[in-house]
2 protein chains.
Amino acid sequence: MLNTEEIQFYLHLFKGLSISDLTGLFNMAHTRKIPAEGIYIQKGAFAPKLAFIKKGLIRAYHLKENGDEITLLLRWENQFIASHDVIILQQPSRFTYQAMEDTTLLEIDYNKAQSLLDNNPKLSAHRNLFLLHMLAESLERVESFVLLSAGERYLKLLKEKPDIANRVPDKHLATLLGITPVSLSRIRKRIASGHKH
Amino acid sequence: MLNTEEIQFYLHLFKGLSISDLTGLFNMAHTRKIPAEGIYIQKGAFAPKLAFIKKGLIRAYHLKENGDEITLLLRWENQFIASHDVIILQQPSRFTYQAMEDTTLLEIDYNKAQSLLDNNPKLSAHRNLFLLHMLAESLERVESFVLLSAGERYLKLLKEKPDIANRVPDKHLATLLGITPVSLSRIRKRIASGHKH
DNA sequence: TATAAAAATTAACAAAGGATAATTAATGCT
DNA sequence: AGCATTAATTATCCTTTGTTAATTTTTATA
């Protein structure tokens, strides 16, 4: 299922884990391909699945009554993606998860993975590190809303993920930053004209 | 160190844990009292400590160049408090943690706790649940910035923690919500005058 | 390449928010 | 209780953002 190159890659990514630790996980994983614009998790879905993004980009969005979409989350290659409603809150997903590009996932049943991780201290320790990392990410995003202006949040996003602007329409970046597409367009204009923010 | 009533309380709080699981943790914990206005973690501090708030309220804030304070976090009784800079990012705390009331903490050395948890699967599983819970909390706060207006965020805060308004000055609630105290005052006026949002 | 569709920009106006300062209210302290 | 300090509100003015709609640009596709 995995070739030598991939094994090397994952051993490096999950450093500290042995090949046998990894193979247990990979044996219960399967590859899933989502075409661009395809839906990975439908709003209302309740299947506890966790996926590693090998390639591509997934967007989670909320659908407003008037039909407008608000993007809550973008996840890309080498990140994990899951509905936190399903996994953490154990409720149907309030959001829809859509591929923005042709996307390849390594998908795993969360409950099965759980029991495997629970019985392997080394894997448990890694899960712990991953959770801490995701918590830090989320806290940093909260900070950006409290401490930064919309323009500063936009610049920060571009700095941290420069290719995002070529992979996701600005209108989705705008709602991700908590503003409207029109407002982001004005911010971009201000930035382009050398203005401070 | 703990009386029967407290043991009952903690067994219920950390349900699924045995008394022996708990005592191991409590034996390495010590009580710390912070008077109102006192500092728990100074900006720049690097001590890896984790505390359970038995009583009181802690505020984490950022100090701007002009002297203004921006509140990032409020934590109260029966919640854990730690500098995520120190614990997760392993860097000196960028924020100051200050008690808003006379506060009683059960404090533990994070590194010592870690090794104890690492060697006890039941405790590890609980740590995992706590991390998931904190992640959910943080994600929900991100959602509130993306999906709600400032007024809606304020009403949501009051609904989830009604006594907060009597325990923390509005100016701190304002910056916690990402707005200025003046703006919160206007929002309160709009709400009082029966307006929508 | 031509055409249709979607995205981005711009405009105009209204609403909300930020900055500053003055005023009023609440709180703390001796 | 009286006084000083701090918090909250209000006012003014200016900036930013939201809303809607028109226009331009880009992208996708026949």
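Chain A is the first sequence line, chain B the second, and so forth, proteins listed ahead of strands; every chain is numbered from 1.
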Distance-only polar pair, side chains of B:Ser18 and B:Asp21, donor-acceptor under 3.5 Å: yes
On the nucleotide C:dA8, are OP1 or OP2 found under 4.0 Å from the side-chain N or O atoms that A:Arg188 carries? no
N/O donor-acceptor pairs under 3.5 Å from side chains in residues 32-39 of chain B, not counting sequence neighbours:
from: B:Arg32; atom 1: NE; to: B:Glu107; atom 2: OE1; distance (Å): 3.2
from: B:Arg32; atom 1: NE; to: B:Glu107; atom 2: OE2; distance (Å): 3.3
from: B:Arg32; atom 1: NH2; to: B:Glu107; atom 2: OE1; distance (Å): 3.2

To check you understand the geometry: which heavy-atom pair defines the closest contact between B:Leu132 and A:Ile88, and what is its length? O-CG2, 3.4 Å
Please work out which of the three classes, parallel, tilted or perpendicular, describes the rings of A:Tyr10 and A:Phe52, given edges at 30° and 60°. perpendicular
In whole angstroms, the gap separating C1' of C:dA7 from NZ of A:Lys189 amounts to 17 Å
Can you check whether B:Ser115's main-chain N or O pairs, donor with acceptor, with B:Asn119's side chain at less than 3.5 Å? yes
Identify all side-chain donor-acceptor contacts of residues 61-69 of chain B below 3.5 Å with residues at least two apart in sequence or on another chain.
from: B:Asn66; atom 1: OD1; to: B:Asp68; atom 2: N; distance (Å): 2.8
from: B:Glu69; atom 1: OE1; to: B:Arg59; atom 2: NH1; distance (Å): 3.4
from: B:Glu69; atom 1: OE1; to: B:Arg59; atom 2: NH2; distance (Å): 2.7

Taking only nitrogen or oxygen atoms into account, show me every contact under 3.5 Å that the protein makes with nucleotides 23-30 of chain C, one pair per line with its distance.
none

Does B:Lys122 make a cation-pi contact with B:Phe14 (under 6.0 Å, within 45 degrees of the axis)? no
Any chance you could list the contact pattern along nucleotides 17-30 of chain D? Use B for base contacts, S for sugar-phosphate-only contacts and - for none, protein heavy atoms under 4.0 Å, 5' to 3'. BBBB----------
Check the distance between D:dT6's P and B:Asp68's CG and give it to me in whole angstrom. 15 Å
Return the value, rounded to whole Å, for the distance between atom CD of A:Glu69 and atom C1' of C:dA6. 13 Å
Which atom pair, heavy atoms only, marks the closest approach of A:Tyr97 to A:Ala60? CE2-CB, 3.6 Å
Cationic tip of B:Lys54 above B:Phe9 ring, under 6.0 Å, 45° of axis: no
All N/O donor-acceptor pairs, side-chain side in residues 177-186 of chain B, below 3.5 Å, sequence neighbours left out:
from: B:Thr180; atom 1: OG1; to: B:Ser183; atom 2: N; distance (Å): 3.2

For DNA chain D, what residues of residues 160-177 of chain A have any heavy atom nearer than 4.0 Å? none
Here the distance between atom P of C:dT9 and atom CD1 of A:Ile191, to the nearest Å, is 11 Å
